[in-house]
**Student:** 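Just dropping this structure here.
Whatever order the structure lists ligands and atoms in, that order sets their numbers, starting from 1.
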Amino acid sequence: MGRAWKGFLKSGIILLFLSPFVYIFYHIDFLEFQKTPTPPFTNISVSSDPGSNQNSCAFRWLSPKEIHEENILLDSIAWPNTPSVPAPVSLEGTSNAARSKCVILPRPGGGSWLVGDQLEVMIKMFDFKGHPKNHGGDFFLTRLHNQALQAGVAGQVVDHLNGTYSAVFFLPWEGKSEVEVTLVHPSEAIPFLQSFSGERPNGVDYYSTFQSGSLTDTTLCNVCLPSTQQPQCNYTDLNTGELWFCYKPQNLSCDTRIKHFHKIRKPIKAEEDILFKTGVTMNVRIPSSGPAHVTVFPKKKGQLAARSNKDIPGPAGYYYKGLWSSLSGTTVQRFSNASAISQCLKNKVVLMYGDSTVRQWLEFLSEELTDLQVYNLHTTSRFGPFVALDHVNNIYVTFRSHGLPIRIGISPVTELHYVANELNGIAGGKNTIVVIGVWAHLTSFPIKVYIRRIMSIRKAVVRLLARAPDTRIIIRTANLKHSPTPILAQLSGDWPSLQRDKILRTMFKGMNVYFVDAWEMTLAHYLQHDLHPQRPIIKNMIDVVLSYICPSK
Ligand SMILES: *[C@@H]1O[C@H](CO)[C@@H](O)[C@H](O)[C@H]1NC(C)=O
Ligand SMILES: *[C@@H]1O[C@H](CO)[C@@H](O)[C@H](O)[C@H]1NC(C)=O
Ligand SMILES: *[C@@H]1O[C@H](CO)[C@@H](O)[C@H](O)[C@H]1NC(C)=O
Ligand SMILES: *[C@@H]1O[C@H](CO)[C@@H](O)[C@H](O)[C@H]1NC(C)=O
Ligand SMILES: *[C@@H]1O[C@H](CO)[C@@H](O)[C@H](O)[C@H]1NC(C)=O
């Protein structure tokens with residue numbers, strides 16, 4: 001393929017004309033978050049209003065040891081100052097980013113800022129009445145960047161619980177570094193986010209279509225359903241114990257279920273909207289009092305780095321000239337052309353499981369490698385599964401969606417496979433790479449559902465590594481996304497993602513698995529956040545993945 005041609009291919013607009021399939025493949029999951037699709041059905045038999053009067057959900061059974069772990073995990077994500085019942089909506093005492101300020105603190109020990117130093121920014125919050133805040137709990141995203149150098153690094157925020165916060169940055173490059181502090185949510189909005197899917201799934205209705213002969217019916221499904229007069233079909237997975245139920249169609253049996261789909265609801269009360277208003281309460285930059293940038297000089301021999309907060313973990317990596325470098329021990333190599341990529345993947349089997357953010361990696365590889373052909377398996381467009389094969393180099397890549405609950409179009413129930421069950425069917429070995437990315441579709445479920453899901457996946461990973469310790473297991477973390485509306489922020493925003501992401505990292509910590517830190521890779525990058533990160537970010541992620549598969553000698 002010519003260079004110009006490849007350039008064209010990178011543009012979604014040209015793709016639209018070239019192949020509607022590829023375009024849809026890439027973009028529609030996101031569109032589905034923005035507007036409620038009209039499902040291809042007219043009559044649904046539901047005996048109660050979805051979601052109403054539903055008491056808390058029963059979750060899958062856990063052993064005492066697992067309950068202990070769950071309690072530790074829940075403690076680890078506890079958010080400061082969040083009452084169990086949200087306060088009435090009022091802006092008065094709410095954190096107001098526009099009236100708050102941040103200031104770069106002087107370098108400890110004085111002198112010029114040096115590469116390798118830690119820079120601290122003090123954030124002081126005020127409310128809409130102009131009064132200083134005296135409690136913590138605001139949710140920030142912070143980064144340090146230099147647009148001209150295409151450089152960026154994520155900052156860590158420390159909550160002092162008294163209305164002030166520290167944002168701590170590592171200074172990885174020489175030259176100008178600009179501080180950016182964004183209030184994503186005021187602390188007052190967090191109880192609403194917590195209660196949104198705290199006890200039971202919220203915001204999305206799942207349905208199944210049943211069919212036998214000329215009879216069809218559609219009923220409501222979920223991990224738990226309110227008990228009504230209508231009997232329920234129990235689709236609990238016998239191996240993982242993952243729960244799933246549908247109301248039984250009146251005149252059809254439970255085994256006539258053929259399709260799964262979803263519909264997004266607007267479940268929040270309108271008066272809450274003011275707490276989730278972009279540019280007012282949500283996603284607002286904190287102005288800097290004084291300069292918002294520093295100039296960083298190279299470190300001379302023998303000079304010590306200035307550090308104010310020694311306990312704060314450093315960032316996972318940073319961008320410089322658009323390229324991601326890791327700070328956690330792995331040298332990220334550049335696989336800058338097709339032959340470098342296929343050389344690394346030669347004789348490899350790459351098995352990807354998860355949501356569409358993992359599927360993007362298969363799409364990227366198949367676009368980069370002309371010899372890697374995606375087979376048409378006549379599956380539903382975006383749901384997959386997908387298989388790509390490079391016959392010459394003996395490269396086999398697959399993607400399979402992670403199973404219920406999932407919001408990718410209409411899917412045949414036969415293709416809803418839990419990741420843990422798939423992993424149990426893999427022999428593994430030194431030529432096998434397993435990629436797992438499960439987060440985006442679980443944000444509207446109670447955190448306990450996510451913990452159970454990752455527990456069952458982790459058990460399968462432990463078994464796989466026991467039978468084939470050379471298997472490379474790569475975990476893709478959650479990424480930031482653009483959630484400009486109240487419903488998107490509550491359903492699938494960065495705060496619910498962060499909570500699940502912390503759980504994911506903690507649960508796989510210390511295991512023989514490799515992380516791709518999609519969170520920091522999207523936070524540090526200059527491109528707008530997107531559920532499906534844009535191509536320059538995917539390219540860097542693939543460099544990280546390939547560096548794990550083919551480490552430099
Ligand atoms: C839906 O129900 C209405 C009335 O109950 C009926 O007239 C209509 O034919 C049904 N549509 C389908 C597609 O079953
Ligand atoms: C808040 O706590 C931090 C850390 O303990 C302290 O440095 C700061 O002075 C406190 N600020 C106020 C306004 O109390
Ligand atoms: C659903 O089926 C599972 C597995 O057979 C069983 O353990 C569980 O008790 C059933 N749940 C309900 C509510 O019937
Ligand atoms: C089920 O069958 C009965 C008897 O034929 C009929 O009255 C009823 O309307 C049917 N229900 C549905 C949902 O199709
Ligand atoms: C591809 O990239 C590798 C590694 O960067 C380089 O050694 C090689 O010369 C490149 N090949 C082509 C055809 O550009």
**Student:** May I ask you to decide whether Glu199 forms a salt bridge with Lys448, counting only side-chain N to carboxylate O separations under 4.0 Å?
**Tutor:**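 Salt bridge flag = no for Lys448 with Glu199.
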**Student:** Go ahead and list the nitrogen or oxygen contacts between ligand 3 and the protein that come in under 3.5 Å, distances to 0.1 Å, or just say none.
**Tutor:**
unit_1, atom_1, unit_2, atom_2, d
ligand 3, 2 (O), Asn234, OD1, 3.2
ligand 3, 2 (O), Asn234, ND2, 2.3
ligand 3, 11 (N), Asn234, ND2, 2.9
ligand 3, 14 (O), Asn234, ND2, 3.3

**Student:** In ligand 2, which numbered atoms sit nearer than 4.0 Å to a non-hydrogen atom of His160?
**Tutor:**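 Answer for ligand 2: 2 (O), 3 (C), 4 (C).
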**Student:** Any side-chain donor-acceptor pair under 3.5 Å between Asn393 and Asp371?
**Tutor:** no
**Student:** When the aromatic ring centroids of Tyr450 and Phe59 are compared, is their separation below 6.0 Å?
**Tutor:** no
**Student:** According to ring pair (Phe, Tyr, Trp, His ring centres under 6.0 Å), who are the partners of Tyr514, at least two apart in sequence or on a separate chain?
**Tutor:**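 Listed in chain order: Tyr548.
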**Student:** Examine the side chains of Gln211 and Thr256 and answer whether a donor and an acceptor come within less than 3.5 Å of each other.
**Tutor:**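 Short answer, no.
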**Student:** With nothing but distance in play, are any N or O atoms of Asn162 less than 3.5 Å from an N or O of ligand 2?
**Tutor:** yes
**Student:** Determine all donor-acceptor pairs shorter than 3.5 Å in which one atom belongs to a side chain in residues 332-340; sequence neighbours excluded.
**Tutor:**
unit_1, atom_1, unit_2, atom_2, d
Gln333, NE2, Cys550, O, 2.9
Arg334, NH1, Trp324, O, 2.9
Arg334, NH2, Trp324, O, 2.9
Asn337, OD1, Ser339, N, 3.2
Asn337, OD1, Ser339, OG, 3.1
Asn337, OD1, Ala340, N, 2.8

**Student:** Does Ala420 have any side-chain contact (heavy atoms from CB on, under 4.5 Å) partners at least two apart in sequence or in another chain, and if so, which?
**Tutor:**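 Listed in chain order: Thr240, Ser456, Ala460.
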